[in-house]
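In what follows, every heavy atom counts, from backbone to side chain, and hydrogens, waters and symmetry copies are set aside. Just so we're clear, the structure is a prediction, and the values are computed from it rather than from any experiment.
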Amino acid sequence: MGRMKRWTMVGTTVAAMLGMSLISAPTAAADSSARIDGVTVTFKSHGEVFTLDDTACDGNPVYLLYKYNGGGERRYNFSGGCNASPSVINLSFAEGNTIQYRGCVNRAGIWDRCSGWTTDKT
């Protein structure tokens, strides 16, 4: 058997094995997070639950901005401070839709600081 034929067979076998492992892999939960200094937001797709946490003892409140299916922004404020339990925001959306969100630090008198947008599925 020629060298080229052997490599083709090896490549085909490896590709088939990878394809089978990708097909049989269980679907992972669509949990994700967005964070910057001062705020952390996590999202659990099962139940559509956000957790908003003030992670800096700087006196600045934090907030969550989210967009559901490309709609307008919705905002949830949290002013509990860095020593408080995180705010839990339990929403209800149809499964399999797009949600975009980010966490922000509300800085009085100057521009707020926000994480980049994170995209997930409900």
| Below 4.5 Å, heavy atoms only, C-beta onward: do Asp31 and Thr42 meet side chain to side chain? | no
| request: Output all residues satisfying ring-ring contact (aromatic ring centres under 6.0 Å, His included) with Phe50, sequence neighbours left out; order by chain, then residue number. | output: Phe43, Tyr66, Tyr101
| query | Roughly how far apart are Tyr63 OH and Ser87 OG, rounded to 0.5 Å? | reply | 15.0 Å
| task | Please assess Cys104 against Val62 for the test side chain to side chain contact (heavy atoms under 4.5 Å, CB included), listing each intermediate value before the final yes or no. | result | CA-CA 6 Å; Cys104 299; Val62 297; over 6 Å; no
| remark: Between Cys57 and Asn83 the two heavy atoms that sit nearest each other are SG-OD1, 4.3 Å
| query | Is there a path from Ile99 to Ile89 through hydrophobic residues (I, L, V, M, F, W, Y) whose side chains come within less than 4.5 Å of each other? | reply | yes
| note | Taken to the nearest 0.5 Å, the spacing of Asp58 CG from Asn60 CG works out to 4.0 Å
| From OG1 (Thr122) to CG (Asn69), nearest 0.5 Å | 7.0 Å
| said: For the backbone of Ala108 and the side chain of Asn106, can you confirm whether one donor and one acceptor N or O come within less than 3.5 Å of each other? | reply: no
| query | Apart from Ile110 itself, which Ile, Leu, Val, Met, Phe, Trp or Tyr residues share its cluster (side-chain heavy atoms under 4.5 Å, direct or through members)? | reply | none
| query | Out of curiosity, Leu64 CG to Cys114 SG, how far, rounded to the nearest 0.5 Å? | reply | 10.5 Å
| task | Spell out, as yes or no, whether a donor-acceptor pair under 3.5 Å connects the side chain of Arg113 to the backbone of Asp37. | result | yes
| note | For Thr118 and Ser33 the tightest heavy-atom approach is OG1-O, 3.5 Å
| query | So Val41 and Arg35, side chain to side chain contact (heavy atoms under 4.5 Å, CB included) or not? Walk me through it. | reply | CA-CA 6 Å; Val41 179; Arg35 69 186 60 182; over 6 Å; no
| field | Residue pair Ala56 / Cys82: nearest heavy atoms and the distance that separates them | value | O-CB, 3.5 Å
| What distance do Glu48 atom CD and Asp120 atom CG have between them, rounded to the nearest 0.5 Å? | 10.5 Å
| remark: Between Ala34 and Gly116, the two heavy atoms sitting closest are CB-O, 4.4 Å
| field | Spacing of Glu73 atom CD and Gln100 atom CD [to the nearest 0.5 Å] | value | 9.5 Å
| remark: Closest non-hydrogen contact found for Asn90 with Gly47 is OD1-O, 3.1 Å
| said: Could you see if Phe93 belongs to whatever hydrophobic cluster contains Leu52? Use Ile, Leu, Val, Met, Phe, Trp, Tyr and a side-chain cutoff under 4.5 Å. | reply: yes
| Would a 4.5 Å heavy-atom cut-off, applied to side chains only, mark Ser45 and Lys121 as touching? | no
| field | Thr55 versus Ile36, closest heavy-atom pair with distance | value | OG1-O, 4.3 Å
| query | Got a sec, which residues hit side chain to side chain donor-acceptor pair (under 3.5 Å) with Asn77, two or more places apart in sequence or on another chain? | reply | Arg75
| query | For Arg107, does the CZ atom sit with more than 12 other heavy atoms under 6.0 Å from it, leaving out its own atoms? | reply | yes
